[in-house]
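Report on the structure given below.
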Protein chains: 2
Amino acid sequence: MRLTRAGEYAVRCVMCLARNGGTESVVSRQDVAACGDIPSHFLAKIAQQLSRAGIIEILQGAKGGYRLLVAPEKLSLLTVIEAMIGEIFLNDCVVRPESCHASLSCAVNKVWMQARDQLRQTLAGVTFAKLLQEESCCILQGDKFPTQDEKNA
Amino acid sequence: MRLTRAGEYAVRCVMCLARNGGTESVVSRQDVAACGDIPSHFLAKIAQQLSRAGIIEILQGAKGGYRLLVAPEKLSLLTVIEAMIGEIFLNDCVVRPESCHASLSCAVNKVWMQARDQLRQTLAGVTFAKLLQEESCCILQGDKFPTQDEKNA
DNA sequence: ACAATTAAGACATTTTTTGTCTTATATAAA
DNA sequence: TTTATATAAGACAAAAAATGTCTTAATTGT
Ligand code: SF4
Ligand code: SF4
């Protein structure tokens with residue numbers, strides 16, 4: 001599992017919301033996009049997935065935007081990431097045993113299973129509340145993520 | 001890091017060689033390909049990478065083929081996989097800190113670093129000797145990997 | 001010399017990821 | 001009620017990565 005851009009953006013989005021009032025307040029898409037250096041239209045699609053997963057709420061109309069539905073203490077990195085990129089796995093046969101007839105007796109398969117469980121547990125153990133405690137990442141109207149230009153430097 | 005096909009094939013290739021004489025004998029590309037259900041020409045490219053990494057030796061000419069250079073006891077899954085798909089990482093910023101200006105102070109980044117280290121350690125701890133102990137995977141001229149048709153079933 | 005085998009790398013195809021755009025809809029406020 | 005400001009939804013486009021094929025050349029055993 002390599003974190004895709006969409007996954008990274010989703011994490012940034014949630015961080016941004018968690019920082020700015022948590023489940024209490026609404027942040028506009030433009031603000032979240034600016035804060036996390038996320039292409040605004042791409043964020044729209046990401047937000048829709050987060051919304052379907054019940055992680056955020058989308059408010060339409062003037063003064064619309066996004067609101068966190070789950071308290072940061074209850075929300076893990078794993079939840080957000082898997083909402084975006086689907087259940088984590090490291091090799092196809094872990095999630096689709098039928099993709100390889102050897103899977104049932106395969107020693108390598110067992111390693112992938114174990115490694116995946118370990119990884120998912122690690123990510124499940126990290127809540128956004130914990131992440132917020134350490135100073136980091138985006139600050140609305142302050143420190144921000146790098147622009148595309150800065151990244152390519 | 002999702003294991004690519006090439007990565008999976010490389011593991012199968014090494015398993016096959018390890019099973020059939022280890023560092024002592026040569027197995028032809030055709031035999032390895034049949035054993036692991038690997039497109040033969042694709043295997044050629046994979047073998048070249050494994051060879052550059054010093055994991056196998058390629059013997060040209062009639063009666064040519066591949067030979068394991070590293071004893072199965074000394075060869076870990078991590079080595080083979082990283083020879084194929086490069087150093088494992090879960091998010092870009094782990095391996096290219098300059099890709100995100102926040103990386104130095106980012107709490108999320110730290111999680112990715114830790115998760116990556118854990119994963120690499122797990123894979124480094126598994127040698128092909130260990131894998132061979134448990135009956136599994138390909139057996140030259142016997143049990144074999146599924147064909148494309150079987151996989152799509 | 002000949003047959004068998006891999007090297008090397010260009011090329012093609014497919015899949016995934018990333019991003020944009022357009023039309024429709026919802027809300028707040030004048 | 002009208003208008004300005006938002007997002008919804010999904011089609012579409014572009015780029016990147018992965019997978020696979022093919023052709024020409026080189027190497028080795030017989
Ligand atoms: S061989 Fe083992 S590891 Fe490779 S795909 Fe089949 S089951 Fe999974
Ligand atoms: S925000 Fe943190 S995690 Fe996301 S890319 Fe930047 S450093 Fe890595």
Side-chain angles (χ1 to χ4, degrees), chain A residues 1-13 17 25-34 36-53 56-67 81 84-86 88-92 95-96 99 145 147-148 151-152, chain B residues 1-13 17 25-34 36-53 56-67 81 84-86 89-92 96 99 145 147-148 151-152:
Chain A
M1 103 98 200
R2 150 121 97 273
L3 192 66
T4 60
R5 222 88 169 97
E8 165 69 22
Y9 289 158
V11 172
R12 291 185 190 182
C13 171
L17 297 180
S25 58
V26 174
V27 184
S28 79
R29 189 177 75 189
Q30 295 308 329
D31 284 347
V32 174
D37 191 35
I38 307 171
S40 166
H41 282 72
F42 199 10
L43 176 57
K45 287 172 63 169
I46 288 164
Q48 280 159 34
Q49 271 191 258
L50 291 176
S51 153
R52 271 178 235 129
I56 67 172
E57 179 187 32
I58 298 177
L59 298 147
Q60 284 201 47
K63 304 254 175 182
Y66 306 135
R67 189 173 69 84
I81 288 164
M84 285 307 303
I85 66 175
I88 285 177
F89 62 94
L90 300 177
N91 195 359
D92 216 50
V95 111
R96 300 196 315 141
S99 73
F145 288 93
T147 64
Q148 208 61 39
K151 266 183 290 187
N152 295 337
Chain B
M1 101 99 200
R2 153 120 96 270
L3 192 65
T4 60
R5 228 86 169 81
E8 166 67 23
Y9 288 159
V11 173
R12 289 186 191 182
C13 171
L17 297 179
S25 58
V26 174
V27 184
S28 80
R29 189 177 76 189
Q30 295 308 329
D31 284 347
V32 174
D37 191 35
I38 307 170
S40 166
H41 282 72
F42 199 9
L43 175 57
K45 287 172 63 168
I46 288 164
Q48 279 158 35
Q49 270 191 261
L50 291 176
S51 152
R52 271 178 234 128
I56 67 171
E57 178 187 33
I58 299 177
L59 297 146
Q60 284 201 48
K63 304 256 173 180
Y66 306 135
R67 189 172 70 85
I81 288 164
M84 285 308 301
I85 65 175
F89 62 94
L90 301 176
N91 196 359
D92 216 50
R96 299 195 316 140
S99 73
F145 288 92
T147 64
Q148 208 59 41
K151 266 183 291 188
N152 297 335

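Heavy atoms only: backbone and side chains are in, while hydrogens, waters and symmetry mates are out. Within every chain, numbering begins at 1; the chains are lettered A, B, ... in the order of the sequence lines, protein sequences first and strands thereafter. Treat the numbers as computed from the prediction; the structure is a model and nothing was measured.
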A/V26: side chain to side chain contact (heavy atoms under 4.5 Å, CB included) partners, not counting sequence neighbours: A/L59, A/R67
Atom-pair distance (CG on A/D92; P on C/dT15), nearest Å: 13 Å
Distance, rounded to the nearest Å, where A/I58 contributes CD1 and C/dT27 contributes P: 13 Å
Distance, rounded to the nearest Å, where B/I38 contributes CD1 and D/dA18 contributes P: 18 Å
From B/I56 atom CD1 to B/I46 atom CD1, the distance as rounded to the nearest 0.5 Å: 10.0 Å
Residue A/Q48, side-chain heavy atoms: nucleotide from C/dT6, D/dA9, C/dA7 that is nearest: D/dA9
Contacts of B/A53 that satisfy side chain to side chain contact (heavy atoms under 4.5 Å, CB included) - sequence neighbours left out: B/I55, B/A83
Under 4.0 angstrom between A/T4 side-chain N/O and C/dT16 OP1 or OP2: no
Side chain to side chain contact (heavy atoms under 4.5 Å, CB included) involving A/Q49 - partner list, sequence neighbours excluded: A/R52, A/M84
Below 4.0 Å: OP1/OP2 of C/dT5 and any side-chain N or O of B/R29: no
Separation of D/dA8 P from A/I46 CD1 (nearest whole Å): 13 Å
Sugar-phosphate, base or nothing in reach of B/A6, heavy atoms under 4.0 Å: sugar-phosphate
Distance test, side-chain N/O of A/Y66 to OP1/OP2 of D/dA6, below 4.0 Å: no
d(CD, A/E57; P, D/dA6) in whole Å: 18 Å
Sequence-distant partners of A/S40, side-chain hydrogen bond (donor to acceptor under 3.5 Å, both in side chains), two or more places apart: A/R29, A/Q30
Separation of C/dT5 P from B/L43 CG (nearest whole Å): 14 Å
Sequence-aligned protein contact record of nucleotides 21-30 of chain D, with B where the base is within under 4.0 Å of a protein heavy atom and S where only the sugar-phosphate is: BB---BBBS-
Partners meeting side chain to side chain contact (heavy atoms under 4.5 Å, CB included) with B/I38 (sequence neighbours left out): B/Y9, B/R12, B/L43
